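Right, one structure below, let's go through it.
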Amino acid sequence: MAHAHAHHDDHDHHGPDKGIMRWIKTTNHKDLGTLYLFFAFTMFFIGGLMSLVIRAELFQPGLQFVHPEFFNQMTTMHALVMIFGGVMPGFVGLANWMVPMMIGASDLALPRVNNWGFWILPFAFSLLLSTLFLAGGAPAGGWTMYPPLVLQTGDAFPFLIFAVHLMGISSITGAINVVVTILNMRAPGMTLLKMPLFVWTWLITAYLLIAVMPVLAGAVTMLLTDKYFATSFFTASGGGDPVMFQHIFWFFGHPEVYIMILPAFGIVSTIIPTFARKRLFGYDSMVYATASIAFLSFIVWAHHMFTVGMPLSGELFFMFATMLIAVPTGVKVFNWVATMWKGSMTFETPMLFALAFVFLFTIGGFSGLMLALTPVDFQYHDTYFVVAHFHYVLVPGAVFSIIAAVYYWIPKWTGHMYSEFWGKTHFWLSAIFINVTFFPQHFSGLAGMQRRVPDYAVQFTDLNVWSSVGAFVFFFAQFIFIFNMLASCFGWGKRASEKLPDRVWEGATGLEWTVPSPAPYHTFEEPPTVGDDGEPVTGAARPAAAH
Amino acid sequence: MKLHKVLAMLAVLASGLFHAAGAWAYTETSGGWNLPTGATAIAQEVYDLHMMMFWVCTVIGILVFGVMIISIVKHRKSLGAKPASFHESTTVEIIWTTVPFIILIAVAIPAAGTLIRMEDTRDADLTVKVTGYQWKWEYEYLGEDVRYFSTLAAESNAARQLGSGIDVNTVENYLVDVDNPLVLPVGKKVRFLITSNDVIHAWWVSELAVKKDAIPGYINETWARIDKPGVYRGVCAELCGRDHGFMPIVVEAKSEAEYAAWLESQRGGETATVDEAAAPAPVEVAAAAETVTDAATEAPAELDKAALMAAGEKVYGANCVACHQASGQGIPPNFPSLVGSTVVQGDAAGQITQILKGKGLMPPFPQLSDADIAAVVTYTRNSWGNDSGLAQAADVAALR
Ligand code: HEM
Ligand SMILES: [Cu+2]
């Protein structure tokens with residue numbers, strides 16, 4: 001089965017093409033993984049600059065730098081760029097690199113689709129970012145694009161809609177590729193319940209993507225026809241219903257936030273056992289918990305819109321369903337903690353980021369639990385408390401997990417070690433200043449500061465000063481990361497010159513550690529056979545790992 | 001750095017923080033860094049629920065993080081820890097699925113109770129209709145013939161302009177002050193009907209534990225019974241365009257007698273007025289409003305250019321400056337310049353119609369009185385080097 005797909009590539013057994021055409025034409029999962037990650041980091045950087053515009057304006061009360069309209073453009077674009085350009089392509093890049101290597105496949109199932117899926121993205125984001133230079137500026141209605149406000153967008157409007165469509169197409173092709181690969185191309189012996197958790201979480205994420213991206217596409221298409229073709233799906237004056245947009249949007253939007261966190265669960269479940277030198281606690285319940293979270297994500301969307309005035313029964317239902325999500329999420333956190341318990345831990349950079357993930361994601365989970373209480377959510381909703389909540393799950397959650405994954409696997413990708421010293425410096429600066437940025441926002445939100453405002457009452461000044469200082473230091477600390485990764489890619493520095501073993505980390509398990517470092521351009525042309533523990537029974541040396 | 005120096009620095013930092021916390025007299029029952037305890041029974045319940053969930057999370061957090069920290073400190077390879085081999089336990093996993101479940105049920109029950117009480121808008125003593133506009137609120141006391149607009153206070157509005165040169169710290173209640181507050185009686189169940197005229201807004205007053213979206217085509221309901229007299233401040237909480245940050249809400253709760261007197265003084269009053277921005281207190285504003293509208297409905301008075309210009313400048317400052325800017329130059333291309341504009345230099349009727357009906361991104365302003373519109377038209381036609389004649393209230397009345 002797996003074998004049939006192994007010889008898809010015209011230039012099998014050769015190395016990559018030379019020059020720029022290698023990257024444009026490539027169908028190799030490793031090249032595309034690299035491209036995706038490169039793209040994601042560029043977008044993180046652009047979105048990060050936008051957040052600095054926001055934070056600079058909010059450093060002091062009063063308007064100092066930008067007009068309110070431009071401020072709204074910055075919040076909107078920051079969010080769209082970070083979500084669709086940063087986090088999602090970042091995870092797709094990791095899936096490209098790792099899923100085939102973790103299941104013993106030679107490549108993804110649909111390599112040419114993969115190439116297209118990637119190259120759509122630069123076009124989508126050129127469209128989106130070009131609106132900054134249009135007369136009338138970029139979209140300014142929030143990433144949630146609620147009508148009627150978003151229909152007031154000027155020339156940028158069709159650009160926004162088409163960019164969203166293109167991102168959606170890219171996501172769906174990527175997701176289909178992941179599903180087909182995982183279901184068809186696993187090494188003999190690798191049953192579903194022996195797959196690494198990163199593969200599991202991506203399989204579930206891919207289904208979420210396939211289920212909800214078309215919903216988003218539908219919703220924004222209806223916006224488009226409302227604006228240009230005289231329909232009134234969402235225009236009250238024409239008999240439409242603006243609240244219906246919110247229901248449709250959040251039916252996409254809530255699973256979307258899990259799309260941005262489930263692969264992170266997989267990453268952390270891979271890294272913690274490695275550095276605790278102990279098998280992941282409760283593998284099966286991790287899988288079931290992930291699946292339950294994914295299922296529940298479809299029935300809680302309205303908790304983003306309690307204030308629109310739903311019937312009481314609706315509010316009660318969405319409150320109870322939302323609270324339920326805390327149970328499987330709790331199971332995951334408890335399992336990670338139990339994995340560390342009585343382990344033999346070391347604290348290399350990927351582990352530090354993974355541990356910070358567990359701490360800070362849990363804090364984000366706690367504020368989420370508070371938000372689930374509908375009567376109190378009325379007070380939190382659309383305040384900085386929510387901004388703090390979702391940034392705790394997005395930055396030390398999703399983004400930290402991507403960073404952890406890159407540190408963890410980059411020696412395998414490049415064959416060179418990164419600098420542990422700079423890695424740790426990067427970690428401590430990031431971990432401290434992300435809290436300086438977002439922790440105070442819990443308080444400003446509770447005390448009454450609403451979100452998406454360019455200016456605020458003076459009593460919020462101190463907290464905003466902290467937030468802004470934190471954001472700037474956090475942003476600049478990321479340059480350490482960039483240099484460290486370049487050092488690993490190009491073999492700069494003393495450590496980089498050491499020859500790495502196949503199994504870079506002492507406690508690492510999984511098929512990706514049975515191939516040489518750096519991983520050859522084509523891996524697993526002959527599928528390995530996997531034993532009961534998910535490790536190969538043939539081929540490369542078995543690990544010295546402890547289980 | 002020596003340890004005691006670090007500690008001393010931390011102490012200074014901490015005292016700075018507490019100082020800042022103390023300086024947070026947001027409003028009557030402000031909790032500083034926390035939700036306010038509130039001015040209604042429901043707000044108190046909401047506060048209690050919030051604190052209960054906070055403590056539940058704190059306790060769980062201490063347990064989970066405690067175990068994690070013990071592992072991190074003790075079970076490390078550098079201390080010679082050998083990894084154990086356990087990797088599952090059905091019993092443990094069942095326990096840590098069911099215990100959180102039970103805790104959640106325990107929290108959900110009181111939360112559901114509060115929610116049910118919050119949504120019970122029956123048997124109200126009075127009803128106020130709240131309408132959101134880009135970017136102001138309209139309050140209508142149903143059955144009382146009282147209706148007026150509430151916009152950001154003039155001092156805040158001046159100070160918040162980009163490059164205003166005004167130190168916002170010197171402005172009292174910067175951004176949380178309005179020209180005409182919503183006045184309510186204490187001890188009465190007030191029902192709010194909330195809707196919008198253009199985009200979605202949200203009417204939020206934390207101390208009343210009220211936040212509901214104002215949605216065009218919908219009428220949402222909520223209610224509050226305020227316990228003690230006082231001033232309660234809130235803001236619009238749904239992104240509603242460029243001036244979303246500048247549409248505050250101020251609720252003044254008065255004793256029943258004072259409220260009745262206030263209501264009487266308002267009766268029959270119309271909206272914004274020529275003298276509005278200059279008027280020192282809301283009551284007098286309303287009185288002024290009465291005279292102006294009366295005049296307008298009977299026989300609109302002809303005003304001279306100086307009077308129109310003076311009045312027009314205020315109306316402009318309250319309604320137009322956000323987009324067209326104090327300099328009249330707008331923020332092209334969305335908000336066009338009025339300097340030498342064809343509309344402003346053309347027939348006055350065209351300009352009046354555009355103000356009444358709106359156009360593109362510009363909202364309609366039918367709520368302004370004839371006198372106000374005449375004044376602001378005159379103002380724009382004779383400022384910044386424009387010179388295109390006067391408009392009178394009668395002209396506006398004819399076009400309405
Ligand atoms: C250090 C990094 C970051 C900083 C300093 C930052 C800062 C901000 C700020 C100040 C806002 C405006 C909040 C408001 O007024 O509503 C915002 C909004 C937002 N951010 Fe970030 N952010 C960061 C990273 C991220 C990342 C990585 C993501 C996504 C993966 C993200 C997603 C969002 C979203 C979805 C919004 C809401 C935008 C909206 O209201 O439409 N942010 N961010
Ligand atoms: Cu608003």
Side-chain angles (χ1 to χ4, degrees), chain A residues 61-63 67-69 135-136 142 146 148-149 152 154 236 242-243 277-279 281-282 285 307-309 312 315-316 320 323 326-327 330-331 334 337 340-346 366 369-370 373-376 378-379 381-382 443 446-448 450 452-455 457-459 462 546-547, chain B residues 20 24 26 33-35 46 49-50 53 57 64 67-68 71 75-77 81-85 87-88 93 96-97 100-101 104 108 111-112 114-115 118-119 160 162 168-169 174-176 199-200 202 206 211-213 215-217 220 235 237-245 331 333-334 361:
Chain A
L63 285 182
H67 279 290
E69 181 72 12
Y146 286 175
L149 179 64
Q152 295 183 351
V243 176
R277 292 171 181 72
K278 191 160 154 280
R279 250 173 92 176
F281 187 89
S285 58
T307 56
V308 298
L312 177 64
E315 289 179 341
L316 287 170
F320 297 143
M323 295 178 84
V327 175
V331 167
F334 298 144
V337 174
M340 290 177 235
W341 185 249
K342 297 221 157 126
S344 170
M345 286 204 272
T346 51
F366 285 146
L369 208 50
M370 297 173 76
L373 290 182
T374 310
V376 202
F378 285 124
Q379 295 315 301
H381 177 65
D382 270 337
F443 302 120
L446 291 177
Q450 81 275 42
R452 297 163 158 172
V453 288
D455 196 0
V458 292
Q459 50 270 53
D462 299 287
H547 64 266
Chain B
W24 274 35
Y26 191 48
W33 286 18
N34 203 346
L35 276 187
V46 164
L49 278 173
H50 157 73
M53 197 52 137
C57 292
V64 173
V67 174
M68 235 176 115
S71 313
H75 306 151
R76 44 168 81 212
K77 192 182 175 199
K82 292 272 170 294
S85 64
H87 57 83
E88 62 196 347
E93 287 170 68
W96 69 39
T97 313
F101 195 72
L104 287 178
T114 302
L115 187 60
M118 270 178 124
E119 295 289 326
R160 64 108 175 173
L162 183 61
V168 296
N169 290 293
Y174 177 60
L175 291 192
V176 282
V199 304
I200 302 176
S206 193
K211 183 188 283 158
K212 268 279 150 85
D213 289 1
I215 305 172
N220 274 326
V235 287
E238 177 67 55
L239 180 60
C240 56
R242 62 188 310 278
D243 279 357
H244 163 54
I331 313 172
N334 285 356
L361 280 188

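Naming convention: chains lettered A, B, ... in sequence-line order (proteins, then strands); numbering from 1 in each chain. The shown structure was predicted, so the numbers you read here are calculated from the model rather than taken from an experiment.
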So, using side chain to side chain contact (heavy atoms under 4.5 Å, CB included) as the criterion, who are the partners of A/Val327 when residues are at least two apart?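 Partners of A/Val327 under the side chain to side chain contact (heavy atoms under 4.5 Å, CB included) test: B/Thr97, B/Phe101, B/Leu104.
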Please evaluate residues A/Val331 and B/Glu93 with respect to the criterion side chain to side chain contact (heavy atoms under 4.5 Å, CB included), reporting the C-alpha separation (whole Å), side-chain torsions for both, the decisive distance (0.1 Å), and the verdict. CA-CA 7 Å; A/Val331 167; B/Glu93 287 170 68; 5.6 Å; no
Could you give me the CA-CA distance, side-chain angles and deciding distance for B/Tyr174 and A/Asp455, then say whether side chain to side chain contact (heavy atoms under 4.5 Å, CB included) is met? CA-CA 10 Å; B/Tyr174 177 60; A/Asp455 196 0; 2.4 Å; yes
If I measure from the heavy atoms of chain B, does [X] come under 4.5 Å with its side chain, its backbone, both, or neither?
X	value
A/Phe334	both
A/Leu373	side chain
A/Pro61	both

Chain B: which of A/Met323, A/Met340, A/Gln379 shares the most heavy-atom pairs with it under 4.5 Å?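 The option with the most such pairs is A/Gln379.
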A/Gly343, A/Gly282, A/Gly62, A/Ala326: which one forms the most heavy-atom pairs within less than 4.5 Å of chain B?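 Maximum pair count with chain B is reached by A/Gly343.
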[X] [atom1] to [Y] [atom2] distance, which is reported to the nearest 0.5 Å:
X	Y	atom1	atom2	result
B/Asp213	A/Tyr146	CG	OH	8.0 Å
B/Leu115	A/Leu312	CG	CG	5.5 Å
A/Met370	B/His50	CE	NE2	4.5 Å
A/Leu446	B/Leu35	CG	CG	5.0 Å
A/Phe378	B/Lys212	CZ	NZ	5.0 Å
B/Met118	A/Glu315	CE	CD	8.5 Å

Pair B/Val199-A/Gln152, side chain to side chain contact (heavy atoms under 4.5 Å, CB included): steps then yes or no: CA-CA 9 Å; B/Val199 304; A/Gln152 295 183 351; 3.5 Å; yes
Name the member of [options] that forms the most heavy-atom pairs with chain A at distances under 4.5 Å.
options	answer
B/Arg160, B/Arg242, B/Glu119	B/Arg242
B/Val46, B/Leu162, B/Asn220	B/Leu162
B/Gly245, B/Ala81, B/Cys57	B/Cys57

Identify the heavy atoms of [X] and [Y] that sit nearest to each other, and give their distance.
X	Y	answer
B/Ala112	A/Leu316	CB-CD2, 3.7 Å
A/Thr307	B/Lys211	CG2-O, 3.7 Å
A/Pro68	B/Asp243	CG-OD1, 4.2 Å
A/Pro242	B/Ile215	CG-CG2, 3.7 Å
A/Pro148	B/Ile200	CD-CG1, 3.9 Å
B/Thr114	A/Pro375	CG2-CB, 4.0 Å

Side chain to side chain contact (heavy atoms under 4.5 Å, CB included), that's the test. Do A/Arg452 and B/Glu238 meet it? Break it down for me. CA-CA 8 Å; A/Arg452 297 163 158 172; B/Glu238 177 67 55; 3.9 Å; yes
